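Keep in mind the model is a prediction, meaning the values are calculated, not measured. Counting begins at 1 with the first residue of the sequence.
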Amino acid sequence: MRRLARFLFSVFFRRRAVIHGDRWPAGGPQVLVANHVNSLLDPLIVMAVAPRPVRFLAKAPLFTHPLVSPFLRAVRALPVHR
């Protein structure tokens with residue numbers, strides 16, 4: 001999935017920059033919060049530029065949606081029950 005995200009990111013965005021990427025810790029827990037305008041695009045961008053594997057949170061009802069659920073399971077997203 002990460003390779004696909006990087007490929008799609010490079011196709012749709014010719015110019016890109018990661019600001020302060022050197023501040024991301026190499027190990028240990030980390031919370032990365034995207035203040036998103038488009039909730040479908042942000043995970044793609046984060047997955048493409050993050051220097052290490054990322055786990056996403058998604059609202060639990062999305063895990064029962066027939067089109068969204070396979071993608072969430074493929075990226076090992078965690079359900080959030082509100």
Side-chain angles (χ1 to χ4, degrees):
M1 290 305 292
R2 189 172 181 165
R3 286 182 187 170
L4 176 62
R6 286 184 175 174
F7 171 73
L8 292 173
F9 189 66
S10 68
V11 167
F12 291 110
F13 300 98
R14 297 288 178 199
R15 295 183 322 159
R16 56 192 180 268
V18 176
I19 299 170
H20 302 300
D22 57 327
R23 294 183 183 177
W24 292 4
Q30 177 181 2
V31 175
L32 176 64
V33 179
N35 185 11
H36 54 268
V37 175
N38 183 335
S39 62
L40 299 176
L41 188 58
D42 285 349
L44 175 69
I45 293 170
V46 170
M47 195 181 318
V49 302
R52 61 187 207 178
V54 178
R55 298 283 301 265
F56 296 99
L57 301 177
K59 63 182 181 178
L62 290 176
F63 284 82
T64 61
H65 192 281
L67 297 175
V68 179
S69 179
F71 173 75
L72 292 175
R73 294 185 194 289
V75 297
R76 297 179 51 220
L78 302 170
V80 175
H81 301 276
R82 303 197 242 178

query = Got a donor-acceptor contact below 3.5 angstrom from the R82 side chain to the A60 backbone?
reply = no
Value rounded to 0.5 Å, distance of CG in L72 from OG1 in T64 = 10.0 Å
task = Find the distance between CD (Q30) and CZ (R23) and round it off to the nearest 0.5 Å.
result = 12.5 Å
key: Hydrophobic cluster of L67, others only, ordered by chain and residue number, side-chain cut-off 4.5 Å   = none
task = Indicate yes or no: at least one non-hydrogen side-chain atom of F56 is less than 4.5 angstrom from one of M47.
result = yes
message = Is it the case that atom CZ in F63 sees more than 12 heavy atoms from other parts of the structure closer than 6.0 Å?
response = yes
key: Atom CZ of R52 with >12 non-hydrogen neighbours under 6.0 angstrom   = yes
request  = Mark yes or no for whether R76, through its side chain, and R55, through its backbone, hold a donor-acceptor pair below 3.5 Å.
outcome  = no
inquiry  = R73: which residues meet the side-chain hydrogen bond (donor to acceptor under 3.5 Å, both in side chains) condition with it, sequence neighbours left out?
reply    = S69
